[in-house]
Structure formats: structure tokens, C-alpha cells
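Below you'll find the structure, written out as C-alpha cells, and then a few comments.
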2 protein chains.
Amino acid sequence: MDVNLLHNGYVTATVAVEANETDACCIPSVVPALSAEEAQGKAQAFKALADPNRLRLLSIVKASESGESCVCDLTEPLDLGQPTVSHHLRILVDAGLLNREKRGTWAYYSLVPGALDEVAGLLASL
Amino acid sequence: MDVNLLHNGYVTATVAVEANETDACCIPSVVPALSAEEAQGKAQAFKALADPNRLRLLSIVKASESGESCVCDLTEPLDLGQPTVSHHLRILVDAGLLNREKRGTWAYYSLVPGALDEVAGLLASL
DNA sequence: TTCTTATATCGACAGTCGTCAATCTAGTAG
DNA sequence: CTACTAGATTGACGACTGTCGATATAAGAA
């Protein structure tokens, strides 16, 4: 990070010096752009969505009338083993997209309100 | 999908039969949810965004005043080798997020208008 | 033509990811 | 208590991904 900040601070001057040789492809942006840490965090959110089966899980939970689904209802339609579904659900919970609530024998998953909109907002603020 | 419809159509009865045994976790959604193909396609879009360096590339292109950036300006600030940047740019172009235009010696990349919003829309229509 | 430079492509390697079988944990029923 | 069941965790394996060095391509300069 400190490396990037330092680098970007001097980029303009460096380009100006070398311009009289051969260069002149274009004017580099003065904006430091997304930092490595910000990019890492945002990419993490998209990683959670970058799997078809996780998208289907989210879709099922979202479509559920009660707003929550138990794992049994999530395992069947996906044609995946129970450990695999559990693994995907864990990733979605860790990403802050799903809530997990255990009641008795069963575990119920529900959408975290506004979480998907928040991810959509990440795109606008790139 | 037809399988799901069939399944869901009879789930109520099935549950009713087994209900007097042990079951009754919850009412499964009647909605067929996202199909495997739709999910695959949407996941592909998020995969393109699921890398911090690709997000930074998009950020730099977006922040550029002229609306386009040449590869040289994209390689430096990312601290990556030139082939790697070229590889990431290819993924973003293939995902329909960036346009590539070669003028003379240099290649210029620009945001495809509305492409990011379209991805954001995918989240709303899950 | 030959030389140089910008960018893309290829091949290889390490690390990550999705999946499953086996096991563990924690509730419920008897 | 034991037996059963829902779900999570572990370990392993194959597939995919990000990265780089080397090379190829293509365009301008000499």
C-alpha cells in the first residue's frame, strides 16, 4: 500500500520527464484509484457471488415466502451433497449475505436485509 | 426445473404423510428459483469482478478523464507483470465490461457503458 | 530491410476452490 | 441412558486461477 501511494505521487512527474523521448500514449489518470486493500475487500464480496450454486441458494432463500429456508430445502434442488451445501452456506454467511439461525434440530437461513443492495452499491463506487 | 416443479408439487403431500412421524421443518418454496444455466451465466459475470486487481483496473479506467486508458498506464500502478495485466484485461473484455481499441502501437481500454449497472441489476433480479 | 517497442499469447507452476466421503456435534425421541 | 437425525467439520482430490518468463505479433523508426 505505502508503495502504491508513493508511486502514484510521483507518476505525473516521471511521465513528464520521459515524454520528450518517445512517449505520449496518453495522459495517466491523476486519481490513485482503488487501493489494494479496498480492492481486496470488494473482491471478497464478489467472490461469494461468483459461484452458480451459491447464486441459486440465495435465489431460493429470497424466493421463500417465510423469508427463511432450512437446509433440507436447500440441499434437494441443487443436486449437491449436504456437506457441499453447508460449505456454500458458510461462505454466504461469512460474506454477510445470509443469516443463520438454529432452532431445535433444524438450521434456518435468511437474507441479511440490504446486503445484496450493498454489494450492488460497490459497483457504483468503483 | 421440471424436476423441481414436480418435486415441489408433491412435497406438501409427502410432508403431510411423514409429518406424524418426525418431520415438519418448514414449507419449501413453490418457486423454482434460478435455473442452473441462468446461475452459471450470472456467476460468470461476478467471477470477472472477483479479483482485486481486476477491480483496480476497472477503477483506473473509470477514473480516467478521457474515459480510456492505455495498457502502460494500467500496468504500472498495479505492480504486476505486463502479461498478467493483459490477461486480466482480456477477462474483463470477455465479460463485456471493457472495450478494447487498438490505435497505432497502443491499445486503449474503456468502460462499456452501462455494463456495470447491468451487473448490479443481476443482484436485484436474483 | 532491420531494430525497437507495445501488447498479446503460450507454457509452467503454485495456490485456491468446489466437491465428496467420512466423521463429529448437537438436538430429539424412545 | 441409547438410538436417530440435521447439520457442520475435516481431509483429500481434481479442476480452475493468478502469476510469471519466454516468445510471438504487430506497428513505427532508422
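Per chain, numbering begins at 1; letters A, B, ... match sequence-line order.
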(message) What's the separation between atom CZ in B:Arg90 and atom OG in B:Ser86, rounded to the nearest 0.5 Å?
(response) 9.0 Å
(message) So if I define the base as every atom that isn't primed, P, OP1 or OP2, how would nucleotides 8-17 of chain C read as a B/S/- string at a heavy-atom cutoff under 4.0 Å?
(response) BB-------S
(message) With clusters defined by side-chain heavy atoms of hydrophobic residues (ILVMFWY) lying less than 4.5 Å apart, directly or transitively, does A:Ile91 cluster with A:Val71?
(response) no
(message) If the test is side chain to side chain contact (heavy atoms under 4.5 Å, CB included), which one of B:Leu97, B:Val112, B:Leu111 qualifies with B:Leu92?
(response) B:Leu97
(message) Nearest 0.5 Å, please: how far is CG in A:Leu122 from CG in B:Leu55?
(response) 9.0 Å
(request) Starting from P on C:dG27, measure out to OH on A:Tyr108 and report it in whole angstrom. (result) 14 Å
(message) Please report the distance, rounded to the nearest Å, between CZ in A:Arg56 and P in C:dT19.
(response) 11 Å
(request) Round to a whole Å and report the spacing from CD1 of B:Ile91 to P of D:dT17. (result) 8 Å
(request) Taking all heavy atoms of B:Ala39 and all of A:Arg56, pick out the closest pair and write down the distance. (result) CB-CG, 3.4 Å
(request) Rounded to the nearest angstrom, tell me the gap between atom CG in B:Leu80 and atom P in D:dG18. (result) 11 Å
(request) Output the single nucleotide from D:dA6, D:dG18, C:dA6 whose closest atom is nearest the side chain of B:His88. (result) D:dG18
(request) Could you state the atom-to-atom distance from CG of A:Leu57 to C1' of C:dG18 in whole Å? (result) 13 Å
(request) Starting from C1' on C:dA26, measure out to CH2 on A:Trp106 and report it in whole angstrom. (result) 14 Å
(message) Can you measure A:Gln40 atom CD to D:dG18 atom C1' for me and round it to whole angstrom units?
(response) 13 Å
(message) Rounded to the nearest 0.5 Å, what separates atom CG in A:Leu57 from atom CG in A:Leu74?
(response) 5.5 Å
(request) Whole angstrom is fine here: how far is it from CZ in A:Arg103 over to C1' in C:dA26? (result) 17 Å
